[in-house]
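Below is one structure, written out as structure tokens, with a few remarks after it.
If you're wondering where the values come from, they're calculated on a predicted model, not measured in any experiment.
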2 protein chains.
Amino acid sequence: MSKTKVHRLGDLQLKIMKVLWERGDGTVADVHLALGGGRDLAYTTIATMLRKMEARGLVRHRVDGRSFVYRPAVGSDAVTRGMSDHLLDRLFEGSLADLVTHLLTTREVSREELSRLEQLIAERKKSA
Amino acid sequence: MSKTKVHRLGDLQLKIMKVLWERGDGTVADVHLALGGGRDLAYTTIATMLRKMEARGLVRHRVDGRSFVYRPAVGSDAVTRGMSDHLLDRLFEGSLADLVTHLLTTREVSREELSRLEQLIAERKKSA
DNA sequence: CTTTATCTACTACCTGGGTAGTATTACCGC
DNA sequence: GCGGTAATACTACCCAGGTAGTAGATAAAG
């Protein structure tokens, strides 16, 4: 079951995960660089964060020379899903339609996006 | 601009807000009762939370006898929107279609819900 | 071999959510 | 008036995210 509580990732943690998902793996330096390379965040901040994230089971590391190479321990799908579901449940009692309704009425949605959605739903309806 | 940072509400805070949105206002006792009345949460927990929330600008209170009557200081729409947008931006770079795609492919969606969505989009397309 | 750059480890601090006990105040019934 | 009750205020924790400095180890450069 792996109740990893995969929702509730902070902004920074998510950014880090995204880097790792994209690259497959990466050292602290890699991640640091990918996130703007020091202008915003200290190197040690990334290092600390990665260590904390490993303790929480979000990433794993192997040793390469004197560097740690981190790689994701949870898939992007699981996280995305966990967070989406969490929001959906908290705000819309699980109703996808309610969420979409809300987004459609409070957001600017381009005609292209609407068409894309239409197609998605048609597709889904067919295969269900 | 009112940078109230209306996203990032904790679970309990959201529950409390929901009670207040529904009732219009309420005392600590009202909220406490609405949330199960002590089986889960201590009375003082709600009181503390409401005080903290007032400090953050989420609710306001007026005095009625010796009781505080709290009422929402932010609308449910603003919060819902703030949180949805936050997630949308963090996970899907703002693409509504991507979010829906994800939800459609990872969730069970009933045929009824699909039809509802279809209708929503058609409606929206017309009025845009 | 010594200096320097590069790693990780450790520690510390701040913020905010969550939880609740204890203290104090004030009203209400007798 | 007095005791109980119900209300807020205060204080204190714990946890997790975020941020970063400092220390210690080690490899690379000279």
Side-chain angles (χ1 to χ4, degrees), chain A residues 3-19 25-33 35-71 74 79 82-83 86-87 90, chain B residues 3-19 25-33 35-71 74 79 82-83 86-87 90:
Chain A
K3 274 265 176 292
T4 328
K5 262 191 206 159
V6 96
H7 53 91
R8 197 148 293 183
L9 280 233
D11 284 9
L12 179 56
Q13 297 189 346
L14 192 58
K15 278 184 205 152
I16 292 174
M17 288 309 288
K18 280 190 175 186
V19 172
D25 61 17
T27 63
V28 176
D30 291 333
V31 175
H32 184 228
L33 210 75
L35 295 183
R39 264 183 291 281
D40 322 315
L41 291 168
Y43 181 95
T44 52
T45 298
I46 307 294
T48 303
M49 215 58 224
L50 277 167
R51 228 169 323 105
K52 285 190 176 182
M53 286 165 76
E54 183 158 37
R56 280 205 49 204
L58 294 170
V59 299
R60 266 197 283 277
H61 84 274
R62 73 187 147 81
V63 180
D64 178 43
R66 53 181 169 147
S67 294
F68 283 11
V69 181
Y70 288 93
R71 69 183 175 82
V74 293
V79 171
M83 293 181 68
H86 189 56
L87 184 96
R90 270 158 40 107
Chain B
K3 273 265 175 292
T4 327
K5 263 189 207 159
V6 95
H7 52 93
R8 197 149 294 184
L9 281 234
D11 284 9
L12 179 56
Q13 297 191 345
L14 192 58
K15 278 184 205 151
I16 292 175
M17 289 309 289
K18 280 189 175 185
V19 172
D25 61 19
T27 63
V28 175
D30 292 332
V31 176
H32 185 227
L33 210 75
L35 294 183
R39 265 183 292 281
D40 322 316
L41 290 167
Y43 181 95
T44 51
T45 298
I46 307 294
T48 303
M49 214 58 224
L50 277 167
R51 228 166 327 103
K52 285 190 176 183
M53 286 165 75
E54 182 159 38
R56 278 204 51 205
L58 294 171
V59 300
R60 265 196 285 275
H61 84 273
R62 74 188 146 80
V63 180
D64 177 42
R66 54 184 166 144
S67 295
F68 282 10
V69 180
Y70 287 93
R71 69 184 175 82
V74 294
V79 170
M83 293 181 67
H86 189 58
L87 184 96
R90 271 160 36 110

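For the pair A:Met17/A:Met53, a side-chain contact is recorded, criterion being any heavy-atom separation below 4.5 Å from C-beta on. Between B:Arg60 and B:Tyr70, the closest side-chain pair of non-hydrogen atoms is not below 4.5 Å. Side-chain contact between B:Val69 and B:His61 is absent, with no heavy-atom pair separated by less than 4.5 Å. Side chains of B:Met83 and B:Arg8 form no contact here, defined as non-hydrogen atoms less than 4.5 Å apart. Contact annotation: the side chain of A:Arg71 never approaches that of A:Val59 to less than 4.5 Å [non-hydrogen atoms, C-beta and beyond]. The shortest side-chain heavy-atom distance between A:Asp11 and B:His86 falls under the 4.5 Å cut-off.
What separates CD of A:Glu54 from P of D:dA16 is a distance of 16 Å, to the nearest Å. Going from atom CE of B:Met53 over to atom C1' of C:dT19 covers 15 Å, rounded to whole Å. Distance, A:Leu33 CG to C:dT6 C1': 15 Å, rounded to whole Å. Counting to the nearest Å, the P atom of D:dA16 and the CG atom of A:Leu14 are 18 Å from each other. Atom-to-atom, CD of A:Gln13 to C1' of D:dA16 comes out at 8 Å; the value is rounded to the nearest Å. Rounded to an integer number of Å, the gap from NZ of A:Lys52 to P of C:dT8 is 17 Å. Between the P atom of C:dG18 and the CE atom of B:Met17 lies a distance of 13 Å, rounded to the nearest Å. The CG atom of B:Asp11 sits 6 Å away from the P atom of C:dG18 (whole-angstrom rounding).
Between A:Thr27 and A:Arg8, it is A:Thr27 whose nearest contact on DNA chain C lies nearer the 5' terminus.
The residue from A:Leu33, A:Val19, A:Val31 that alone fulfils the side-chain contact (heavy atoms from CB on, under 4.5 Å) condition with A:Ile46 is A:Val31.
Scanning residues 61-71 of chain B for heavy-atom distances under 4.0 Å to DNA chain D yields B:Arg66, B:Ser67, B:Phe68. Using a 4.0 Å cutoff on non-hydrogen atoms, the parts of residues 41-51 of chain B near DNA chain C are B:Leu41, B:Ala42, B:Thr44, B:Thr45, B:Thr48, B:Met49, ordered by number.
Ion pair B:Lys15/B:Asp40 not flagged as a salt bridge, since none of the NZ, NE, NH1 or NH2 atoms sits closer than 4.0 Å to an Asp/Glu carboxylate oxygen.
For the 3.5 Å distance criterion, the side chains of A:Thr27 and A:Asp30 qualify, holding a donor opposite an acceptor.
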